[in-house]
2 protein chains.
Amino acid sequence: MSVGRETRLSAWIERFAAHFAEEGIPLIGGRILGYLLICQPVERTAAELSQELEASSGSISTNLKYLVNVGLVTKRTRRGRQAAEYRINEKAWTDFIQRKLTAIASVQTLTDDGMRLLSGDPERAMRLRTVDHLYGWLSAELPALWERRPASPK
Amino acid sequence: MSVGRETRLSAWIERFAAHFAEEGIPLIGGRILGYLLICQPVERTAAELSQELEASSGSISTNLKYLVNVGLVTKRTRRGRQAAEYRINEKAWTDFIQRKLTAIASVQTLTDDGMRLLSGDPERAMRLRTVDHLYGWLSAELPALWERRPASPK
DNA sequence: GATCCCTTTCGGTCGACACTGAAATCATCG
DNA sequence: CGATGATTTCAGTGTCGACCGAAAGGGATC
């Protein structure tokens, strides 16, 4: 007997969350992200998320705050509604990825400073130089690559 | 009165270690990396590292094992020497960075699987599609960019 | 084989952080 | 203004991992 679609989707959410857990995003935060990417309708209240994801209201609150903060989730309040509605802000993924790329390239400032401290001793600077060149190239190319990123599909 | 060069270098090592600590590398592991990049002579024993970095022999051992494992440090044993010598393997930084880039791009397999699960419901797949396109582009471009990386300076 | 030195292993401590659930807070509506 | 239904805050718990230092393990020399 085959498993239902919703079952497979929740397994997918779990894989999704697990991936980002490795990158330091709390498990529940990852679940919220995954869930909000594929739920119908697109907006959910904190209470609904708590129910759906079987997580405490406290965890949901903390993680929503974090996700709204980094921009991946948008909070919407409406007059006449006591419950705020949350939804994925798919546009924010570009910034999210860009931060990761710049984080990698940022090592270059570190190696650069090191090279300065070792100026006058090229022998000793050799190892760092190899690393510095690599990061120097990266920090030039990554932003350039990023500029060529395609617009999102219509 | 100005601070000495060695003092500044050890401050640099600390900054270096702090950066990689944010990426999940233990502080002491980062210190070893930074130190081995700029020490003279280039090879050190575990005992020397323990002394220089004021870390316990146990921590040095654990972290060296890890660094050797990921290839960033090379262990060399010599007949007639009871102490092994460790040095930076600056060549391995390319692999190290590549792993980070592929880790970012690997989200594409996740979004791709999600899209498959949502095939037949384009409405519901819209949010994921935006994210999937971005990662799809990345996982095509990043490896291509990487191929164009320059050789290390002679 | 005994000794010496160095490295690895291992038990234990400490601090950080995710998560929970209850209490406090807030907003809306009657 | 009080009641209602939602969210946020907060104290407490458990887990995990980095680090330490002592003990065990391994080579090398004598």
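Every chain is numbered from 1, with letters handed out A, B, ... down the list of sequences.
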Summary of side-chain hydrogen bond (donor to acceptor under 3.5 Å, both in side chains) pairs that have at least one residue in residues 67-77 of chain A, sequence neighbours excluded: A:Glu43-A:Arg76
Check: residues 57-67 of chain A side-chain donor-acceptor pairs under 3.5 Å, at least two apart:
residue : atom : partner : partner atom : Å
A:Ser59 : OG   : A:Ser56 : OG           : 3.4
A:Thr62 : OG1  : A:Gly58 : O            : 2.9
A:Asn63 : OD1  : A:Gly29 : N            : 3.3
A:Asn63 : ND2  : A:Ser59 : O            : 2.9

Interatomic spacing from CD in A:Glu48 to CG in A:Leu53 - rounded to 0.5 Å: 11.0 Å
Check: A:Gln98 main-chain N/O paired with A:Thr102 side-chain donor or acceptor under 3.5 Å: yes
Counterpart residues, side chain to side chain contact (heavy atoms under 4.5 Å, CB included), relative to A:Arg99 (two or more places apart): A:Val70, A:Asp95, A:Phe96
Contact pattern, 5' to 3', of nucleotides 11-24 of chain D - B, S or - by protein heavy atom under 4.0 Å: -------SSBBB--
Residue pairs, two or more places apart or on separate chains, that pass side-chain hydrogen bond (donor to acceptor under 3.5 Å, both in side chains) and touch residues 16-26 of chain A: A:His19-A:Glu23, A:Glu23-A:Lys100
Listed partners of B:Ile38 passing side chain to side chain contact (heavy atoms under 4.5 Å, CB included), at least two apart: A:Leu118, A:Leu128, B:Leu9, B:Trp12, B:Ile13
Side-chain (B:Arg129) to main-chain (B:Met115) donor-acceptor, under 3.5 angstrom: no
Strand contacts (DNA chain D) in residues 42-51 of chain A, 4.0 angstrom heavy-atom criterion: A:Thr45, A:Ala46, A:Ala47
Stepwise side-chain contact (heavy atoms from CB on, under 4.5 Å) check, A:Ile97 with B:Val107: CA-CA 11 Å; A:Ile97 296 173; B:Val107 176; over 6 Å; no
B:Glu85 CD to D:dG27 C1', straight-line distance once rounded to whole Å: 15 Å
Pairs satisfying side-chain hydrogen bond (donor to acceptor under 3.5 Å, both in side chains), at least one member in residues 116-125 of chain B, at least two apart: A:Glu6-B:Arg124, B:Asp113-B:Arg116
Heavy-atom contact window of chain B on DNA chain C, given 5' to 3' at under 4.0 Å: C:dC6 to C:dT9
Proximity to DNA chain D (any heavy atom under 4.0 Å), residues of residues 65-78 of chain A only: A:Lys65, A:Lys75
Residues forming a side chain to side chain donor-acceptor pair (under 3.5 Å) with B:Gln108, sequence neighbours excluded: none
Qualifying side-chain hydrogen bond (donor to acceptor under 3.5 Å, both in side chains) pairs, either residue in residues 132-141 of chain B, two or more places apart: B:Thr111-B:Asp132
